Amino acid sequence: MTAINAVTELSRDGEIAILTLNSPPVNALSLTVREGLFEGFKAALASDARAILLICEGATFIAGADISNLADMLKDPSVEDIQKLMDGADRPVLAAIHGTALGGGFEIALCAHFRIAVPSARLGFPEVNLGLLPGAGGTQRLPRVVGPEKALEMMTSGKPIRAAEALELGLLDELVPEGALREGAIAFLRQALADGRRLVRIRDRDDKLEAFRGKADLLEPLRQQFAARFRGQAAPGWILESVEAAVEKPFDDGLALEKQRFFQAAMSPQSAARRYYFFAERNAQKVPDAPEGTKRREIRRAGVVGAGTMGGGIAMNFANIGVPVTIVEMKQEALDHGLAVIRGNYERSRGARPEETEKRMALLQGALDIAALADCDLVIEAVFENLEVKKEVFRRLDQACKADAILASNTSFLNLDEIAAVTGRPDRVVGLHFFSPANVMPLLEVVRGKATSAETLLTALELGRRIRKTTVVSRVGPGFIANRVANPRLMETNAFLLEGLSPARVDQVLYDFGFPMGPFAMLDLVGLDVIPDPPGQTTIRSAMVAAGRRGQKGGGGFYDYDDKRNPSPSPAARQVIEDYRQAHGGKTLEVTDEEILERSLYLEANEGAKVLEEGIALRGSDIDVAMINGYGWPVDRGGPMYHADQASLEKVVGKLREFELKYGPQYKPAPLLERLAAEGKTLTGKG
Ligand code: 3HC
Ligand code: NAI
């Protein structure tokens, strides 16, 4: 056994050279890893080995480029240098895959003559999620194996496929049992040598492309689909262009185009924002003050109190992952109604199969007495938003539930510490703030009370991951993170209308920035009666409600809606707005699109700075994760804090001061923002 460098070693099993890579956590293609692979292949090729096996140690095969340092990809040896050695090999090369072969890792595997994997392995090109495209031949090699259409689907969805599907598609030659990868690989190579199997390079294959050659119209429908599906995203277009080159051009020309587009993508603000988000999401899971080795409790059975809008959706999350849930209501009717709504949701969901619905419904058990929650490991309360009601429920839960059960509240605005204080186990009380609809929205704010223990907090974070939510930790404070940060922008909608702007214009500006919808369309969606007026004020929203316009759910809102919920401009809404303007001193101001945008977004960054300063959020990047997952902030823009950093805090503070003079004190810059701007620092700790 010879160490090639710190992360690779070369060993022999008879006539087979085995190149082993071990660079935790995910064997990403850092410069050291590339050097190890390059020198390792060179040494193996220089030896008398008759075949070469590439295999990884640790959790996974190579998971792609090192995205913490993409610029390092420019240094030699490049991934392509390694691939050239593999492509040029005069003896069989086999890649043995476990875990995930992603991005550059998959691209290296595609340069082996053969690939085998264990059944749990997954293979894919997630680059698109990072605003990138495969940049080491993936766009040229994948279509040569699976055809251009399937290749496009894999590369633009970014979703890895399972080993069984990869085998069917011809991306793998064989599956071997879990835990037997190395032996399986050696046996495979021995057999290949014995059979004298022909060594075919993917780059030389043409069969899957022929049908498409010279027929640009075969891919045309996809081009049109992409424009709608990936609004504003550049990478899918570059992927399509590269795949077209794979079809029409010689291999090396296609490769050159792909490389050019890859570096263009890597330099783009979109990709920078998405890579920032990748690490932001992972950092949000870290609790720096949790003692090393803190245990996480296992949640085998869950309980939910309240089968209303939120309780039902929350219960679905558990049924979806096979965890049984007991739902407690006050009256049989409410319980029946709640369960019927859940069933309806399952039946209406896309591709729903009746047996799946039944399987999930069977995990839900209704009850009218909190005593039914006695053996739950976790209970989430989702009753009316009323402190006294919640305190009473928690008193009863404390008595009824196992001593070590975790009690959680889904409260949006109430003080979790006061709720926890009525129990004898405040260390096992936590907030689990879901967003509506709770079975759909990805964000889960985990609210850490004064007394919440590290074990409870880490258990809640782990649970969030299990139910496939993106979690962010918030301290106790009004509106926690996402609702609080979004609120000033939603309040400013009233000012925009008073200034004579139309809902459609404001919505268009935010839609064009990348939000799925503007603030007025969003208010119509959630219901105009959901957000109360600020104390002592009336708003156009409540005037709409008074005029019988509650949004999409009743009477239309800022827009009228047809029976398919398509919006159209509303003369009736215009009249409500006009009347309100007359009564409340409406003006007609010239406001540019840029100003609409800056006022909206900098208000959020400013509120975010307050949330950070108060310690409600631990990191600026946590706020971005919350806004992207809770309020549809476009990930291509990185979130309000990152976006403000990119604009420069000096500019943001300058604009806020200008708006403060022009529009009022709601724009007053937060002290933390002023300080960071003066010191040339950032909200996310990134330049
Ligand atoms: N580069 C650098 N660090 C990475 C990384 C990467 N490609 N992938 C993961 N990491 C880090 C994570 O930040 C995390 O670090 P931390 O423990 O300090 O927070 C650690 O590895 C473990 O990652 P996860 O917490 O995500 O672990 P999971 O087990 O849940 O998931 C994974 C593992 C499926 C590999 C997941 O990390 C993942 O999807 N990684 C990204 C893969 C990717 O996007 N590859 C394509 C890169 S671009 C490319 O290859 C370009 C090429 O075409 C030229
Ligand atoms: P809801 O009114 O739809 O449902 C509440 C349910 O709790 C009702 O079915 C009621 O019968 C039941 N209930 C009341 N007291 C009970 C008791 N003592 N025992 C058993 N059941 C009881 O309310 P919704 O919207 O589901 O809200 C629930 C909680 O979730 C509130 O704290 C709310 O602030 C919070 N929340 C709501 C969001 C939303 O968008 N609706 C979003 C995030 C949090």
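Keep in mind that what you see is a predicted model, and the values were worked out from it rather than measured. When a ligand or atom number is given, it counts from 1 through the structure's own listing order.
- No side-chain donor from either of N283 and S621 sits under 3.5 Å from a side-chain acceptor of the other.
- Panel note: side chain E381, backbone V383; a donor-acceptor pair is recorded below 3.5 Å.
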Report all N/O contacts between ligand 1 and the protein shorter than 3.5 Å as a table of atom names and distances to 0.1 Å; if there are none, say 'none'.
unit_1	atom_1	unit_2	atom_2	d
ligand 1	1 (N)	A65	O	3.4
ligand 1	1 (N)	I67	N	3.0
ligand 1	7 (N)	A65	O	2.8
ligand 1	18 (O)	K286	NZ	3.4
ligand 1	19 (O)	K286	NZ	2.7
ligand 1	26 (O)	R282	NE	2.6
ligand 1	26 (O)	R282	NH2	3.1
ligand 1	45 (N)	A63	O	2.9
ligand 1	50 (O)	A65	N	2.8
ligand 1	50 (O)	G104	N	2.9
ligand 1	53 (O)	E107	OE1	2.8
ligand 1	53 (O)	E127	OE2	2.6
ligand 1	53 (O)	G135	N	2.9

For E241 and R261, what are the C-alpha separation, side-chain angles and deciding distance, and is it a salt bridge (Lys or Arg N to Asp or Glu O under 4.0 Å)? CA-CA 9 Å; E241 191 188 354; R261 291 296 182 239; 2.8 Å; yes
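- Proximity of a side-chain donor or acceptor of E178 to a complementary backbone N or O of S120 within less than 3.5 Å is detected.
- Between the side chain of N629 and the main chain of A626, no donor-acceptor pair closer than 3.5 Å is present.
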Below 3.5 Å only, please: the N or O atoms of ligand 2 paired with protein N or O atoms, distance on each line.
unit_1	atom_1	unit_2	atom_2	d
ligand 2	3 (O)	T309	N	3.0
ligand 2	3 (O)	T309	OG1	3.1
ligand 2	9 (O)	E329	OE2	2.5
ligand 2	11 (O)	E329	OE1	2.8
ligand 2	11 (O)	E329	OE2	3.3
ligand 2	26 (O)	T309	N	3.3
ligand 2	26 (O)	M310	N	2.8
ligand 2	30 (O)	N410	ND2	2.9
ligand 2	32 (O)	V383	O	3.4
ligand 2	32 (O)	E385	OE1	2.5
ligand 2	32 (O)	K390	NZ	2.5
ligand 2	34 (O)	E385	OE1	2.7
ligand 2	34 (O)	S412	OG	3.0
ligand 2	36 (N)	S412	OG	3.2

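- Within the 3.5 Å criterion, the main-chain N or O of N483 finds no donor-acceptor partner in the side chain of N487.
- Using the six-membered ring where Trp is involved, Y631 and F435 have ring planes that are perpendicular, over 60° apart on the 30 and 60° scheme.
- Judged by distance alone, the side chain of T156 and the main-chain N or O of L152 form a donor-acceptor pair under 3.5 Å.
- Side-chain atoms of R396 and Q399 include no donor-acceptor pair closer than 3.5 Å.
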